[in-house]
Amino acid sequence: MIRITFPDNTVQEFEEGVTGLDIARSISNRLAKEVLSVSVDGVVWDVHRPIYHDAKIKLYTWDDEEGKHAFWHSSAHLMAEALEELYPGIKFGIGPSIDQGFYYDVDPGDRAITDADLPGIEEKMQEIVARKEAFQREEVPKEKAMEYYQDKGDQYKVELIRELEDGEISFYTNGNFTDLCRGPHLPNTGYIKAVKLLGVAGAYWRGDEHNKQMTRIYGITFPKKKMLDEYLQMLEEARKRDHRKLGKQLELFSFSQKVGSGLPLWLPKGAALRERLENFLKQIQKEYGYQQVISPHIGQKELYETSGHYAKYGKDSFQPIKTPDENEEFLLKPMNCPHHCEIYRHTQYSYKDLPVRFAEFGTVYRYEQSGELHGLTRVRGFTQDDAHIFCRPDQLKEEFKKVMDIILKIFEALEFDTYTVQASLRDPDKKDEYIGSDENWEKSEKAILETVEETGIEAKIEYGEAAFYGPKLDFMVKDALGREWQLGTIQVDYNLPERFDLE
RNA sequence: GCCGAUGUAGCUCAGGUGGUUAGAGUGGCUGUUUCGUAAACAGCAGGUCGAGGGUUCGAAUCCCUCCAUCGGCUCCA
């Protein structure tokens, strides 16, 4: 007998080799039907995997992320099996569960998989669901795993296995399809009652644009048909609230090919809305001690060479504007920072005058890649409610907190109630991609992390997400379609003042 | 930038396996009815079927290039 500890710390004895499913059944038949995965001493397992030792367990159903993920992960394997049956020789990359469903990256060789193929794949998946094929776990040594995929000719899996540590590697098999996988999975394909493939897309192998582009197939599944219908209904409702659609319907903004893509035209109603928003924001800025400044839309190229922007983005930006004077070049401003530095320079400040806070509704232009343009959320010309604070080191945290206050106040007023906060730090393995000294980076990252801790705001830390000149605290909100966008950002920059020689 | 899809009246869309004057709803305009809570009826206007090449006796329909949009990937100062 082994001792199983439940989340409420009660302990019960079971036969050795008992499964999560058995345990669920001992509690109630309903739970046995609903349980999708089980954590055993903190590791999420298949509910049908035998437990041979004393353990602390927790059962997961559809209501838990862990349960959903087992479900969708198994769905990815189900789709892979269907794909292999329909397209023999197709090669597989990775196929994880995601927040809403799952995907699998595949390399179909010479043929292309398009939206038109999805219904056929769905049909095949339903066939396999009807077969109720078990997901069987098997542990194999690394060399065996390698051999299997080398024989199969699946170079992507070979690459993945090569990077795994020596020791036992787990395979899962459903029907004729075997996949390298940590699990966990459902007991069998019969759990998956409703299937919908949502789209195909190109995706670079391992997220690197220098690698081959694979075909990613997105899908979602549910344990009940009705849940799928509700999901599709919800998607349709979300589409109605797409800001691009509303902008058109309400005559707020439009685009013209003659003006250029990514360059929004604000119609009278949109301009009126924007004016109200600006007035609201200016009022807050005033309350917090900001002075409004105004700077031109262009600046000498040298200004951006000094800031470092030209070296980093010059090649991929709107190209310099020439004047009748030879050797004279201007850049459309991609950022307001250098201009504000020059405004600061105009006046001589004593340390007693600090902090000095400049705010501007500054219009900037960035040559975004053509594939990135998206309504008003990703454009080539836009106006930021931007501000720069020049302060003493001892004032930094307090100023930072005040900016956080402002952002949260605005989010509240605009009813952005499901934002997330992200501390965007530099990638410690790619220090050469950032400007400035290690010392400056350490100081500024420390300042952000400490301030976050002092305020108690919940922030996730992301390495490699910093701007090239400094770390950021980013405030992200989701749009109607569930896509996340960075709206507010607070940055600590020790580099710029040095580069502009500001004392 | 990359992969895939799409591009027909102001808007939403149908049609199209090459063949006479390109359709609907809605919106617009004119008039009639009349007071209907997206008012009813009649009529009118509105499209070089994204742009440019090509194949053909003939192209909105087939081919190529480009542009834009959409779904993703990559990028995001």
Side-chain angles (χ1 to χ4, degrees), chain A residues 93-94 98 100-101 103-108 111-118 197-219 235 239-240 242 244-251 254-263 267 303-304 307-318 331-339 362 364-375 377-380 382 384 386 388 422 424 426 433-435 462 464-472 474 476 481-487 489 491 493 495-496 499:
Chain A
I94 57 163
I98 52 178
Q100 298 282 317
Y103 66 78
Y104 217 122
D105 284 347
V106 298
D107 176 359
R111 45 188 170 321
I113 295 175
T114 70
D115 299 293
D117 299 313
L118 299 182
L197 298 186
L198 298 166
V200 292
Y204 299 107
W205 170 236
R206 319 207 86 181
D208 185 335
E209 62 178 322
H210 303 294
N211 288 341
K212 187 178 165 71
Q213 196 157 46
M214 306 186 73
T215 303
R216 176 170 297 178
I217 306 176
Y218 283 94
L235 272 189
R239 273 194 276 270
K240 288 183 199 161
D242 184 335
R244 292 169 295 187
K245 195 164 188 165
L246 292 174
K248 204 178 210 174
Q249 277 172 0
L250 302 176
E251 299 182 298
S254 74
F255 292 90
S256 154
Q257 281 194 40
K258 288 183 179 160
V259 174
S261 62
L263 299 170
L267 307 178
L303 191 64
Y304 294 98
S307 72
H309 286 89
Y310 191 76
K312 178 88 178 169
Y313 295 106
K315 198 158 49 68
D316 304 312
S317 289
F318 284 113
L331 237 53
L332 274 167
K333 71 174 171 186
M335 282 291 283
N336 302 303
C337 325
H339 288 74
V364 297
Y365 299 89
R366 299 173 182 178
Y367 189 78
E368 302 291 358
Q369 296 182 57
S370 59
E372 297 309 332
L373 300 172
H374 183 101
T377 50
R378 195 78 185 270
V379 287
R380 287 183 175 158
F382 65 103
Q384 326 178 288
D386 198 8
H388 290 87
Q422 170 182 310
S424 300
R426 73 175 164 169
E433 289 179 9
Y434 305 87
I435 62 168
E462 290 286 340
E465 294 295 314
F468 73 94
Y469 51 76
K472 314 184 282 177
D474 293 321
M476 347 270 281
L481 303 174
R483 294 172 208 186
E484 201 165 61
W485 302 89
Q486 180 214 100
L487 246 202
T489 176
Q491 309 177 356
D493 192 342
N495 292 315
L496 205 59
R499 286 178 160 251

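Hydrogens, waters and symmetry mates play no part in the numbers below; they use all other heavy atoms, side chains included. Every chain is numbered from 1 and lettered A, B, ... according to where its sequence line falls, protein lines coming before strand lines.
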Base of B/rC76 paired with side chain of A/Glu372 (donor-acceptor, under 3.5 Å) |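 No such pair is found, so the answer is no.
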
Is there a donor and acceptor pair closer than 3.5 Å between the side chain of A/Tyr367 and the base of B/rG1?
->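 For A/Tyr367, whose side chain was compared with the base of B/rG1, there is no donor-acceptor pair (under 3.5 Å).
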
Taking any strand in view, what nucleotide pairs with [N] in a Watson-Crick or G-U wobble way, both distances under 3.5 Å?
{"N": "B/rU6", "result": "B/rA68"}
{"N": "B/rA24", "result": "B/rU12"}
{"N": "B/rC73", "result": "B/rG1"}

For B/rU26 versus B/rU21, give the span between their P atoms, rounded off to a whole number of Å.
->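 After rounding to an integer number of Å, I get 28 Å for this pair.
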
Report yes if at least one side-chain N or O of A/Lys245 is closer than 4.0 Å to OP1 or OP2 of B/rC11; otherwise report no.
->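 So the side chain of A/Lys245 is outside the cut-off, no N or O lying under 4.0 Å from OP1 or OP2 of B/rC11.
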
Below 4.0 Å: OP1/OP2 of B/rC76 and any side-chain N or O of A/Arg378 |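 Looking at the OP1 and OP2 atoms of B/rC76, neither is under 4.0 Å from any side-chain N or O of A/Arg378.
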
At under 4.0 Å between heavy atoms, what does A/Ser317 touch on the DNA or RNA strands: base, sugar-phosphate, or nothing?
->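 Result for A/Ser317 = base.
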
Determine if A/Tyr313 stacks with B/rA77; use a centre-to-centre distance below 5.5 Å and an interplanar angle below 30° as the criteria.
->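 Yes, the aromatic ring of A/Tyr313 stacks with the base.
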
Residue closer to the 5' end of RNA chain B, A/Asp242 versus A/Ser261 (nearest nucleotide) |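 It is A/Ser261 whose nearest nucleotide is closer to the 5' end.
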
Mapping A/Gln491 and A/Asp115 onto RNA chain B by nearest heavy atom, which one lands closer to the 5' end?
->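 The answer here is A/Asp115.
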
Are A/Phe468 and A/His309 an aromatic pair by the rule of ring centers under 6.0 Å?
->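 Centroid separation for A/Phe468 and A/His309: below 6.0 Å.
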
Between A/Asn211 (side chain) and A/Arg206 (backbone), is there a donor-acceptor pair under 3.5 Å?
->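 Not at all, since once roles are kept as given, no pair shorter than 3.5 Å links the two residues.
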
